[in-house]
Amino acid sequence: MRTPVIAGNWKMNTTVTEAVALVKAMRAELSKVSNVEKVLCPPFVSLAPVKELIKDSSIKLGAQDLYFTEKGAYTGEISPVMVADLCELVIIGHSERRQYFNETSKVVNKKVAAALEVGLKPILCVGEKLAENEAGKTEEVVSKQLKSSLADISNLDGLIIAYEPVWAIGTGRAATGEQTNETIAFIRRNISGLYDDKVAQEIRILYGGSVTAANAAGFMVQPEIDGALVGGASLKAAEFLNIVIQTSAMG
Ligand code: 13P
């Protein structure tokens, strides 16, 4: 049995004050929900204060990115060791990083390897763009991203995959549960090919893209979908909590 994961990717939202208020608004209820791994991914500057607020709870902390070098003259970057000092998880290869910061799968691969090396669990994001989807290239794009992002990585050690079709992110146009279930089943077969069936059966694969409290159940009910990476809706305490509770009720 795979424990579902609901992770909130706050992206570049919330000041420290706002982050603290958001966590305070949901932590008590959120930490009570069992059978779901609950992860908050605030901006870097809020990681330490959020960690302090959730320290004796079942809520986990994740970062939104890292750089792949341990330390040194890389002004503005955050190293894997720094992230591991505060977090258990880290989002890697989000499509916004690929799109706005020219992150290639080669860079993503280095980041995944660096994260695993310091014991962080990567949440590796993959997903096709609208034109690729319309051209029927979803499987081709996703399998290429998986192969290059995971190149030379022999042990996935708790790595989570988030399938986030780019056209569904922040658009209010979520994929359907059935469609997503099929793509995630494809990703699982792909992992089986790259590793083995045991790894494929154990790995958690999430959906991300306009998940809300209103559509979450349609994803969670699908057998291949092991949770969600939630953007906009994770910035509203009651809505995020609602998604987590619905996921727990499906278990
Ligand atoms: P939205 O839920 O805002 O569409 O964002 C999804 C996402 O990119 C999560 O990483």
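Along the sequence shown, residues are numbered consecutively beginning with 1. Just so you know, ligand 1 is whichever comes first in the structure, and atom 1 is the first atom listed for that ligand.
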J.: If you draw a 6.0 Å radius around CD in E182, do more than 12 non-hydrogen atoms from other residues or ligands fall strictly inside?
T.: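 Counting neighbours around CD of E182, 12 or fewer heavy atoms of other residues, nucleotides or ligands fall under 6.0 Å, so no.
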J.: Among all protein non-hydrogen atoms, which one is nearest to atom 7 (C) of ligand 1, and what is the separation to 0.1 Å?
T.: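 It is E164 OE2, 3.2 Å.
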J.: Going by the order shown, which atoms of ligand 1 are within less than 4.0 Å of some heavy atom of N9?
T.: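 The atoms of ligand 1 under 4.0 Å from a heavy atom of N9 are 9 (C), 10 (O).
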J.: Which ligand 1 atoms are under 4.0 Å away from a heavy-atom of L229?
T.: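 Checking each atom against L229, I get 9 (C), 10 (O).
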J.: State whether the shortest distance between N or O atoms of H94 and N or O atoms of ligand 1 falls below 3.5 angstrom.
T.: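 N/O-N/O distance below 3.5 Å exists for this pair.
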J.: In terms of residue, atom name and distance, what is the protein heavy atom nearest to atom 2 (O) of ligand 1?
T.: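 Answer, as residue, atom name and distance: G231 N, 2.9 Å.
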J.: Give the atom numbers and elements of ligand 1 that come within less than 4.0 Å of a heavy atom of S210.
T.: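 Close to S210: 1 (P), 2 (O), 4 (O).
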J.: Would you call K51 and D85 a salt bridge, taking side-chain N to carboxylate O under 4.0 Å as the test?
T.: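 Looking at K51 and D85, the cut-off is not met.
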J.: For G170, is the nearest heavy atom under 4.0 Å from an atom of ligand 1?
T.: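 Contact check G170 vs ligand 1: positive.
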J.: Quick test of your reading: applying salt bridge (Lys or Arg N to Asp or Glu O under 4.0 Å), list the pairs with at least one residue in residues 230-244, sequence neighbours left out, ordered by first then second residue.
T.: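 Qualifying pairs, neighbours excluded: K236-E239.
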J.: What is the closest protein heavy atom to atom 3 (O) of ligand 1, and at what distance does it sit?
T.: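 It is G232 N, 2.8 Å.
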J.: What residues, two or more places apart in sequence or in another chain, satisfy salt bridge (Lys or Arg N to Asp or Glu O under 4.0 Å) together with K38?
T.: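 Counting only residues at least two positions away or on another chain, K38 forms no salt bridge (Lys or Arg N to Asp or Glu O under 4.0 Å).
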J.: Identify, for atom 5 (O) of ligand 1, the protein heavy atom at the shortest distance, and state residue, atom and that distance.
T.: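 Scanning the protein heavy atoms, the shortest distance from atom 5 (O) of ligand 1 goes to K11 NZ, 3.1 Å.
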J.: Can you name the atoms of ligand 1, numbered from 1 with element, that are less than 4.0 Å from a heavy atom of G209?
T.: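 Those qualifying, in numeric order: 4 (O), 6 (C).
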J.: In terms of heavy-atom contacts, does CD of Q246 have more than 12 from other residues, nucleotides or ligands at under 6.0 Å?
T.: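 Yes, because the 6.0 Å sphere around CD of Q246 holds more than 12 heavy atoms from other groups.
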J.: Taking 4.0 Å as the limit for heavy-atom contacts, which would you say applies to I169 with ligand 1: side chain only, backbone only, both, or neither?
T.: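 For I169, the contact with ligand 1 is made by both the backbone and the side chain.
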J.: With side-chain hydrogen bond (donor to acceptor under 3.5 Å, both in side chains) as the criterion, how do Q64 and H94 come out once you've worked through the C-alpha distance, each side chain's angles and the decisive distance to 0.1 Å?
T.: CA-CA 8 Å; Q64 298 175 18; H94 193 282; over 6 Å; no
J.: Give the ring-plane orientation class for Y207 versus F219, where under 30° counts as parallel, over 60° as perpendicular and anything between as tilted.
T.: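 Y207 and F219: parallel rings.
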J.: Between the side chains of K137 and E128, is the shortest nitrogen-to-carboxylate-oxygen separation below 4.0 Å, so that they form an ion pair?
T.: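 Between K137 and E128 there is no salt bridge, as every charged N stays at least 4.0 Å from the carboxylate O atoms.
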